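Single-structure report; data block below.
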Amino acid sequence: MVGDARPSGVRAGGCRGAVGSRTSSRALRPPLPPLSSLFVLFLAAPCAWAAGYKTCPKVKPDMLNVHLVPHTHDDVGWLKTVDQYFYGIYNNIQPAGVQYILDSVISSLLANPTRRFIYVEIAFFSRWWRQQTNATQKIVRELVRQGRLEFANGGWVMNDEATTHYGAIIDQMTLGLRFLEETFGSDGRPRVAWHIDPFGHSREQASLFAQMGFDGFFFGRLDYQDKKVRKKTLQMEQVWRASTSLKPPTADLFTSVLPNMYNPPEGLCWDMLCADKPVVEDTRSPEYNAKELVRYFLKLATDQGKLYRTKHTVMTMGSDFQYENANTWFKNLDKLIQLVNAQQQANGIRVNVLYSTPACYLWELNKANLSWSVKKDDFFPYADGPYMFWTGYFSSRPALKRYERLSYNFLQVCNQLEALAGPAANVGPYGSGDSAPLNEAMAVLQHHDAVSGTSRQHVANDYARQLSEGWRPCEVLMSNALAHLSGLKEDFAFCRKLNISICPLTQTAERFQVIVYNPLGRKVDWMVRLPVSKHVYLVRDPGGKIVPSDVVTIPSSDSQELLFSALVPAVGFSIYSVSQMPNQRPQKSWSRDLVIQNEYLRARFDPNTGLLMELENLEQNLLLPVRQAFYWYNASTGNNLSSQASGAYIFRPNQNKPLFVSHWAQTHLVKASLVQEVHQNFSAWCSQVVRLYPRQRHLELEWTVGPIPVGDGWGKEVISRFDTALATRGLFYTDSNGREILERRRNYRPTWKLNQTEPVAGNYYPVNSRIYITDGNMQLTVLTDRSQGGSSLRDGSLELMVHRRLLKDDARGVGEPLNKEGSGLWVRGRHLVLLDKKETAAARHRLQAEMEVLAPQVVLAQGGGARYRLEKAPRTQFSGLRRELPPSVRLLTLARWGPETLLLRLEHQFAVGEDSGRNLSSPVTLDLTNLFSAFTITNLRETTLAANQLLAYASRLQWTTDKGPTPHPSPSRPVSATITLQPMEIRTFLASVQWEEDG
């Protein structure tokens, strides 16, 4: 069954009595009739979410209400590792012990029923929860039910917004919100998103939050110029319209900028980590300060209230790892509230102070029934002062950024195989397989000091350790699943160092098998590349037919790699067999003519410099002179304008013009039947291979940078730059978390007049998957294999930062320079370059970017394994789909959810108006009946994006905007198993399934 319901709106003030009691985790699994025709009628409960505000404190409508929000901000790794923070280890680095914070807060909440507290990071809370007694858990559940302990955001972590891919954001939010739903039911469901520390805010993040069902979004960091304007114009709060494709209010999200980032007002920090004076109300004491404190607070509240539009204002009472001794905070807040509110009677003061939460504050704003302005762009880049642009972290720690992206790819393959094989994946001939450790490690990596590259070195090492340890149980799971699905128990091997051409099995074995798994919803033609010994090899496809192969010699190392093209079905695998040909050696195939081409592309290189000089699209008859080279910015260590240095967060070059790594490159041309390559060596620490495979519509640039030399005392920030004559009028385009595209304009911000103090760093934007420039006719697009910073600093030019090594800290708290030791000094990556007509470019970059982030996974085996089941014939090819998905549809998630339940997400990956030639931006209708071959769907329930609410029962607060009335969401309606996806729409389902007995 499928419920094609859309969230209904909730108007403040109505439906007070609806659905108020706590529900168990079964809230997502109401009893449904047996499914015979995949059909269900969802009944809407349009006031379910309004009931979540029933525990909010009473306010005084005729006064200024000051909502005090006690909170702690607990980084899931930064200066200390996750475990060091949780247990309170190495307090000489930073005094912080999360387990003690939660212990102390619970005790303090019990001491006074008016006290409230919000908690955010479920990675920490879930660990603490598992260590509690049943009695303590019962107490905490009651505090949550009463609204005295409230969860905000609810993700595993508070994720970064610049360097995270949307799929990984959704996964980490799903993990945290699922824990809350299963532990506390609807009482624990967060109503607001709370991103108080991320260093800039993406439009896609707001869109995802809206689709997850949040009513509002609070954040702390805002560009200093933007904030100044917003205070003057009373636009600290507005509605963020976070998609140009999804119809309002689907991606609309009320957004509030907190007044003091996320810290307490000056002079009012009463944590044991603070030095502010406590409240002394005893008039006999020489330290008496209550009267002065009340006067100060009233002025503070009144001044702050003038910056916002309602009779409500919020004060964040807490900061990093505070409340380890919660009593010091709450005791002083109790006194403050009592003293200030006593002035209402004594002196007629019209200020009311109360313990509150972000959700309760939001509820009051909604009831004000005001009309709010609309924001349509994003909050990048972020600067906290002149010359201080937080654009360096877009590129910091590129090796970790790549490892995170590879791990996302690997996790999706692991999840899919677990879903396809069912219970056989978890327990099998290779042991116990489990996707949970990698899922949790990947969630941790989305933290705003993890994939961002802004932690200390030993913490970055620990993040990598968590990923590595998460891969192992997934490898066991995938081995069990592949044996079950193929019918053969092979000795499977996973070569994790293929990026540096190391794989012991393929380099030593005379014969081996190559299992290629394709996680895409369409078949792929993918070039397999494996390191081998100096032999010629015979490659056979799943049917035993010999397929073309090549062994090419790598000029820089004289090592060999085997190449062959693998055809792999959708959501499935193909098994190829490889064997050595006796007494034959590969032929070296080097050439002097610096041109490489296939049937679609031609790339020419300057014979004098060795640099790329021209790219030609033979299919569309497009010719573009383009020069690509590597440069480096000399990192600033401060100057007469500002002491600000370049560091892990901040990008600040010493001068605006970068320096050449080299004006020319030593080149080797390799031409074989299956690949053509130009090997460029720019210096001892910078090289690149430019390659073309047959049938490939993009040019691949595989760069290797490092160790960056710093013996001259200069930190260096290395870029790859493409220069063309395209008339781009100051415009360029970047993706938002890998999804929708935003237009960028040099030295410009859409909502305020920019005073540009850094012409380079102030024009850098996060590039999660692609950046492009166009003159309206031709479009040059570069796809990345990880998040990087990028820009177009002059017309026709495009640059991406690939690596940085710095000798000075940027004074934002890390306390050490970005000067990594060990393997991370040396980084390899890829840029994919596409040249297209503007009107057809989206079809190319959308589908290629999908293949980049969900690349096929290679698993190897010696061959000759025993049968998995004697009665079942082995198979060398398998597809989990009975029919391919259309090109505009991505299988975003296919994962186990329960013993007989799967999580399924299908996504339209084109935006409105992106592709006119093939109608890829049109709505797509899919029939889910018998779509999958490995299992049968017996029941299907549609949920919100994070899968923590049934969509038919979800509703969000409505907001009026100054853009005119927003259409109400469509009411729930019955539909069949045939679903329709609108452009950029993601639909999420919990599917009850029965696995096919033969796998």
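Since this is a predicted model, take the numbers as computed values, not measurements.
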Task: Pairing of Asp223 and Arg749 as salt bridge, 4.0 angstrom limit - done: no

Task: Pairing residues for Phe651 by the ring pair (Phe, Tyr, Trp, His ring centres under 6.0 Å) criterion, not counting sequence neighbours - done: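 Counting only residues at least two positions away or on another chain, Phe651 forms a ring pair (Phe, Tyr, Trp, His ring centres under 6.0 Å) with Tyr633, Tyr764.
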
Task: Contacts of type ring pair (Phe, Tyr, Trp, His ring centres under 6.0 Å), residue Tyr463, not counting sequence neighbours - done: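 Partners of Tyr463 by the ring pair (Phe, Tyr, Trp, His ring centres under 6.0 Å) criterion come out as none, since no residue qualifies.
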
Ring centroid separation for [X] and [Y], is it under 6.0 angstrom?
X      : Y      : answer
Phe660 : Tyr631 : yes
His201 : Phe380 : no
Phe682 : Phe630 : yes

Distance alone, cut at 3.5 Å: any donor-acceptor contact between the side chains of [X] and [Y]?
X      : Y      : result
Asn747 : Asn763 : yes
Gln205 : Asn159 : yes
Thr454 : Ser452 : yes
His698 : Glu700 : no
Gln680 : Gln688 : yes
Glu740 : Ser243 : yes
Ser636 : Gln644 : no
Glu404 : Gln446 : yes
Ser787 : Asn768 : yes
Arg828 : Thr704 : yes

For [Y], does its backbone N or O pair with a side-chain atom of [X] as donor and acceptor, under 3.5 Å?
X      : Y      : value
Asp795 : Ala727 : no
Gln655 : Asn634 : no
Lys808 : Leu806 : no
Ser792 : Ser797 : yes
Arg221 : Asp197 : yes
Ser683 : Val661 : no
Lys716 : Val710 : no
Arg804 : Gly647 : yes
Ser921 : Glu914 : yes
Asn598 : Gln696 : yes

Measuring from [X]:[atom1] to [Y]:[atom2], what's the distance to the nearest 0.5 Å?
X      : Y      : atom1 : atom2 : value
Asn409 : Asp785 : CG    : CG    : 11.5 Å
His165 : Asp735 : NE2   : CG    : 8.0 Å
Trp632 : Ile708 : CH2   : CD1   : 10.5 Å
Asp810 : Arg652 : CG    : CZ    : 12.0 Å
Thr734 : Arg770 : OG1   : CZ    : 10.5 Å

Task: Trp685 atom CH2: more than 12 heavy-atom contacts under 6.0 Å - done: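 Buried by this count: over 12 neighbours within 6.0 Å.
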
- [ ] Inspect the surroundings of CG in Asn621 and state if more than 12 heavy atoms from other residues, nucleotides or ligands are less than 6.0 Å away.
- [x] no

- [ ] Evaluate the criterion side chain to side chain donor-acceptor pair (under 3.5 Å) for residue pair Ser455 and Asp449; output intermediate values, then yes/no.
- [x] CA-CA 5 Å; Ser455 71; Asp449 286 307; over 6 Å; no

What residues form a side-chain contact (heavy atoms from CB on, under 4.5 Å) with [X], not counting sequence neighbours?
X      : answer
Lys838 : Thr774, Gln779
Asp775 : Leu726, Asn777, Met778
Asn681 : Gln666, Ser687
Leu742 : Arg203, Asp378, Ser736, Arg744

Are any of the side-chain heavy atoms of [X] and [Y] separated by less than 4.5 Å?
X      : Y      : value
Leu669 : Glu677 : no
Gln676 : Arg691 : no
Thr724 : Ile773 : yes
Leu783 : Glu852 : no
Glu743 : Leu731 : yes

Open item on the list: Quick check on salt bridge (Lys or Arg N to Asp or Glu O under 4.0 Å): which of Arg846, Arg844, Arg697 does Asp836 satisfy it with?
Closed with: Arg844

Task: Residue from Arg602, Arg604, Arg627 passing salt bridge (Lys or Arg N to Asp or Glu O under 4.0 Å) with Glu614 - done: Arg604

TODO: Please say which of Phe379, Tyr765, Tyr649, Tyr224 ends up in a ring-ring contact (aromatic ring centres under 6.0 Å, His included) with Trp390.
DONE: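 Filter result, single survivor: Tyr649.
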
Open item on the list: In terms of relative ring orientation, are His831 and Trp703 parallel, tilted or perpendicular, with 30° and 60° separating the classes?
Closed with: tilted

